[in-house]
Amino acid sequence: MNMFEYTGCGLEGIFLKNGYTVEETPYGKAVSIADLDGLHGAISRDIIQQKSPMTGHQFRFLRKEQDLVQEELAALLRVDVQTVANWEKKGKDAIPGTADVAMRAFYTAFIHVQFNLVPVAKDAKPDESATFEREDEHWIDAIAA
């Protein structure tokens, strides 16, 4: 089964099993993704429900999904804007636990879902990878085939 690695979200290891089409254009191959907002919602829910620490890339993804610039998030968290920038620059490395919890809570409130505490094992390694597929017109988490 062919899968498409969706790198346009700024995360590594996001694969789509379906819900996309590849077309040839005069400028090369182009990929069209069905319901991009729905896909980003599925990715966001996956991030906030993970038991592993959030990465800098994931932190940035959730900030952007809330249409916040770094200055706005810094004001909400009562930290310097450079602190937010430094967390996002961590890339695939884990951000501090308090920032992780705060972002999960902010995003959960943002999408108006009931927040459940997400336990994080002290020795868990950050992981950005996940696979998604379209089912019944919605994006869902899928296990890579």
Side-chain angles (χ1 to χ4, degrees), residues 2-23 25 27-135 137-144:
N2 288 335
M3 288 195 287
F4 172 69
E5 184 173 11
Y6 175 49
T7 58
C9 62
L11 301 171
E12 296 178 11
I14 301 296
F15 291 92
L16 308 181
K17 293 178 91 172
N18 58 15
Y20 67 93
T21 55
V22 179
E23 302 171 16
T25 72
Y27 305 101
K29 290 185 179 182
V31 177
S32 175
I33 298 174
D35 185 20
L36 192 58
D37 288 340
L39 173 59
H40 279 215
I43 293 169
S44 298
R45 286 187 303 277
D46 180 69
I47 292 169
I48 65 171
Q49 293 174 7
Q50 288 179 4
K51 292 179 177 25
S52 60
M54 188 181 305
T55 69
H57 289 153
Q58 291 169 326
F59 187 85
R60 181 186 63 227
F61 179 83
L62 291 180
R63 174 182 59 80
K64 288 182 173 186
E65 284 300 298
Q66 296 174 83
D67 291 323
L68 293 171
V69 295
Q70 288 180 338
E71 292 82 7
E72 292 169 319
L73 182 59
L76 286 169
L77 296 174
R78 293 177 171 59
V79 297
D80 186 79
V81 68
Q82 191 58 47
T83 301
V84 172
N86 288 339
W87 291 334
E88 292 183 1
K89 286 178 187 172
K90 288 190 169 284
K92 292 171 71 172
D93 292 333
I95 63 166
T98 54
D100 180 300
V101 171
M103 180 55 84
R104 290 175 200 259
F106 276 129
Y107 189 80
T108 300
F110 175 74
I111 59 171
H112 306 290
V113 297
Q114 184 178 6
F115 182 68
N116 295 315
L117 291 177
V118 179
V120 178
K122 289 185 182 214
D123 58 348
K125 302 286 185 237
D127 181 16
E128 293 185 353
S129 63
T131 302
F132 299 90
E133 66 182 315
R134 293 265 296 163
E135 184 176 283
E137 303 300 314
H138 293 89
W139 283 100
I140 60 170
D141 296 331
I143 297 173

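Since this is a predicted model, take the numbers as computed values, not measurements.
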Roughly how far, to the nearest 0.5 Å, is [atom2] of [Y] from [atom1] of [X]?
{"X": "Lys64", "Y": "Ser44", "atom1": "NZ", "atom2": "OG", "result": "13.0 Å"}
{"X": "Leu76", "Y": "Leu68", "atom1": "CG", "atom2": "CG", "result": "6.0 Å"}
{"X": "Asp127", "Y": "Lys51", "atom1": "CG", "atom2": "NZ", "result": "13.5 Å"}
{"X": "Ile43", "Y": "Ile14", "atom1": "CD1", "atom2": "CD1", "result": "5.0 Å"}
{"X": "Thr55", "Y": "Glu128", "atom1": "OG1", "atom2": "CD", "result": "3.5 Å"}
{"X": "Gln66", "Y": "Met103", "atom1": "CD", "atom2": "CE", "result": "5.5 Å"}

Could you tell me which non-hydrogen atom of [X] sits nearest to which non-hydrogen atom of [Y], and how far apart they are?
{"X": "Gly13", "Y": "Glu5", "value": "N-OE2, 3.3 Å"}
{"X": "Ala94", "Y": "Pro53", "value": "CB-CB, 3.7 Å"}
{"X": "Ala130", "Y": "Asp46", "value": "CB-OD2, 3.7 Å"}
{"X": "Arg45", "Y": "Gly38", "value": "NH2-O, 4.5 Å"}
{"X": "Leu39", "Y": "Trp139", "value": "N-CD1, 3.1 Å"}
{"X": "Lys90", "Y": "Pro96", "value": "CE-CD, 4.3 Å"}

Describe, in one word, how the ring planes of Phe59 and Trp87 are oriented to each other, choosing from parallel (under 30°), tilted (30 to 60°) and perpendicular (over 60°). perpendicular
In sequence, state the C-alpha distance, the side-chain angles, and the governing distance for Ile140 and Phe132, and then conclude on side-chain contact (heavy atoms from CB on, under 4.5 Å). CA-CA 6 Å; Ile140 60 170; Phe132 299 90; over 6 Å; no
Can you tell if the side chain of [X] reaches within under 4.5 Å of the side chain of [Y], non-hydrogen atoms only?
{"X": "Tyr107", "Y": "Ile47", "result": "no"}
{"X": "Leu62", "Y": "Ile48", "result": "yes"}
{"X": "Thr83", "Y": "Leu77", "result": "no"}
{"X": "Phe106", "Y": "Arg63", "result": "no"}

In a check of side chain to side chain donor-acceptor pair (under 3.5 Å) between Glu88 and each of Gln70, His57, Gln58, Arg60, which one passes? Gln70
Quick one: does any side-chain atom of Asp100 pair with a main-chain N or O of Met54 as donor and acceptor, under 3.5 Å? yes
Would you confirm whether Asn86, through its side chain, and Gln82, through its main-chain N or O, come within 3.5 Å as a donor-acceptor pair?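 The answer is yes, because a donor-acceptor pair under 3.5 Å joins these two groups.
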Chi angles and distances behind the side-chain contact (heavy atoms from CB on, under 4.5 Å) call for Asp35, Arg134: CA-CA 9 Å; Asp35 185 20; Arg134 293 265 296 163; 3.3 Å; yes
Assess whether side-chain contact (heavy atoms from CB on, under 4.5 Å) is satisfied between Asp67 and Glu72, documenting all intermediate values. CA-CA 9 Å; Asp67 291 323; Glu72 292 169 319; over 6 Å; no
Derivation of the side-chain contact (heavy atoms from CB on, under 4.5 Å) call for Phe61 and His40: CA-CA 9 Å; Phe61 179 83; His40 279 215; 3.8 Å; yes
